[in-house]
Amino acid sequence: MSFKEKIDPSKLPQHIAIIMDGNGRWAKKQGLMRVRGHEKGTKAVRDVVEGCAEIGVQNLTLYAFSTENWNRPKVEVDTLMKLLVSSLKKEIKTLQENDIRLNAIGCLDNLPAKANRELQEVINKTAANSRMTLTLALSYGSREELGHMVKEISAKVAAGEISTKDIDESVINKHLYTRNLPDVDLVIRTSGEQRISNFLLWQIAYAELYFSEILWPDYRREDLFEAIYNYQNRERRFGKTSEQLS
Ligand code: IPE
Ligand code: IPE
Ligand code: MG
């Protein structure tokens, strides 16, 4: 029985977030340049996106480029930005065919103008799609996002639009880049690394974490289905006791 068949469609995670890691190591293992790994990684992106849509996942967020990734060698950063543009041009078809809406989170103003333009274009063209929301985290860092949120709320307090005593979790949620997304239920990180790397710190407060040894370019939908099946067999207690849940 495949993992896909074992998945309970009534217990799907509402929001899956993936730290796509291991492109460089994948390339190195084949004796190739790191950027070849990023190119190969786009195939895994397509397969996983289609896989999520296929089984009915509503929200998928992919960590594609972190605020810290700007510190990589310029050739690698340039290649990643070019790859972003070419992937957007190519994958708009996949998005439309699968009724997927594109969304982006992060400090998008820091992207090269061309990449930002292409991104906004695909976001606009897919805005009416409703089967799934695919969010790309680009130039994204959770600490930057939280800083941005604090600045926005402070400005509203200073302007008298909201009062300090009314700042609660829902106000905070509304000032994050993820304002329109539900909390993350499942975080997957590939390549064997077991860390969060500044990804969605607030939003994963009660997410289940799943670490796979597979390097991102080799990751396929069946691997994702395995992670979802594993997730479905965990008990999420949210601070309660097991007895309270049953
Ligand atoms: C993930 O793969 C892609 C990005 C961070 C953009 P890496 O490039 O981090 O690959 P490794 O971790 O060096 O193998
Ligand atoms: C995290 O991967 C960022 C993305 C997947 C885009 P990194 O490879 O940059 O993470 P660290 O630096 O090894 O933690
Ligand atoms: Mg890495």
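Heavy-atom basis, side chains included; hydrogens, waters and symmetry copies ignored. Counting convention: from 1, in listed order, for ligands and their atoms alike. The shown structure was predicted, so the numbers you read here are calculated from the model rather than taken from an experiment.
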Phe65 and Trp70 aromatic ring geometry - parallel, tilted or perpendicular at 30°/60° bounds
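Trp70 and Phe65: perpendicular rings.
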
Return the orientation label for the Tyr206 and Phe238 ring planes: parallel under 30°, perpendicular over 60°, tilted otherwise.
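Ring orientation of Tyr206 relative to Phe238: tilted.
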
Quick check on [X]: does its [atom1] atom have over 12 non-hydrogen neighbours (other residues, nucleotides or ligands) under 6.0 Å away?
| X | atom1 | result |
| --- | --- | --- |
| Met33 | CE | no |
| Lys6 | NZ | yes |
| Arg143 | CZ | no |

Under a 4.0 Å N-O cut-off, is there an ion pair linking Lys125 with Glu121?
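Salt bridge between Lys125 and Glu121, a charged N being under 4.0 Å from a carboxylate O: yes.
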
With the threshold set at 4.0 Å, does a side-chain nitrogen-carboxylate oxygen contact exist between Asp185 and Arg236?
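Yes, Asp185 and Arg236 are salt-bridged.
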
Would you confirm whether Asn59, through its side chain, and Gln14, through its main-chain N or O, come within 3.5 Å as a donor-acceptor pair?
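Between the backbone of Gln14 and the side chain of Asn59 there is a qualifying donor-acceptor contact (under 3.5 Å).
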
For Asn129 and Ile100, indicate whether the former's side chain and the latter's backbone hold a donor-acceptor pair under 3.5 Å.
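Answer holds: yes.
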
Determine whether any heavy atom of [X] lies closer than 4.0 Å to an atom of ligand 2.
| X | value |
| --- | --- |
| Glu68 | no |
| Glu193 | no |
| Arg25 | no |

Minimum-distance protein heavy atom relative to [atom]:
| atom | result |
| --- | --- |
| atom 2 (O) of ligand 1 | Asn23 N, 3.2 Å |
| atom 13 (O) of ligand 2 | Arg195 NH2, 2.8 Å |
| atom 8 (O) of ligand 1 | Arg72 NH1, 2.7 Å |
| atom 10 (O) of ligand 1 | Gly24 N, 2.9 Å |
| atom 1 (C) of ligand 1 | Met20 O, 3.0 Å |

Starting from the C-alpha separation in whole Å, work towards a yes-or-no answer on salt bridge (charged side-chain N to carboxylate O under 4.0 Å, His left out) for Glu222 and Lys4.
CA-CA 7 Å; Glu222 190 60 15; Lys4 188 188 169 189; over 6 Å; no

Run the numbers for me: atoms of ligand 2, each under 4.0 Å from some heavy atom of Ile19, listed by number.
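This gives 5 (C) as the contact atoms.
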
Check Ala64 against ligand 2 and report side chain, backbone, both or neither, counting heavy atoms closer than 4.0 Å.
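Looking at Ala64 and ligand 2, just backbone atoms fall under 4.0 Å.
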
Please state which part of Phe65 comes within less than 4.0 Å of ligand 2, counting heavy atoms only: side chain, backbone, both or neither.
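It is the backbone that touches ligand 2; the side chain stays farther off.
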
As a quick check of understanding, evaluate salt bridge (charged side-chain N to carboxylate O under 4.0 Å, His left out) for Arg25 and Glu193, giving each step before the final call.
CA-CA 12 Å; Arg25 277 163 285 165; Glu193 304 296 354; 3.1 Å; yes

Could you tell me whether Trp26 and ligand 1 have an N or O pair separated by under 3.5 Å?
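No: no nitrogen or oxygen of Trp26 is under 3.5 Å from one in ligand 1.
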
Any atom of ligand 1 sitting under 4.0 Å from a heavy atom of Ser191?
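The answer is no: ligand 1 sits nowhere under 4.0 Å from a heavy atom of Ser191.
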
Answer side chain, backbone, both or neither: which part of Asn69 comes under 4.0 Å from ligand 1, heavy atoms only.
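The side chain, only.
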
Taking 4.0 Å as the limit for heavy-atom contacts, which would you say applies to Arg34 with ligand 1: side chain only, backbone only, both, or neither?
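Side chain only.
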
Once you round to the nearest 0.5 Å, how far does OG1 of Thr79 lie from NZ of Lys74?
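NZ of Lys74 is found 9.5 Å from OG1 of Thr79.
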
Going by the order shown, which atoms of ligand 1 are within less than 4.0 Å of some heavy atom of His38?
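Close to His38: 3 (C), 8 (O).
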
Heteroatom proximity flag, Ser66 to ligand 2, N/O under 3.5 Å:
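No, Ser66 has no N/O under 3.5 Å of an N/O on ligand 2.
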
Does any N/O atom on Tyr63 come nearer than 3.5 Å to any N/O atom on ligand 2?
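It does not: no N or O of Tyr63 is found under 3.5 Å from an N or O of ligand 2.
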
Measuring from the Mg ion (ligand 3), name the closest N, O or S atom belonging to Asp21.
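Of the nitrogen, oxygen and sulfur atoms in Asp21, the Mg ion (ligand 3) lies nearest to OD1.
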
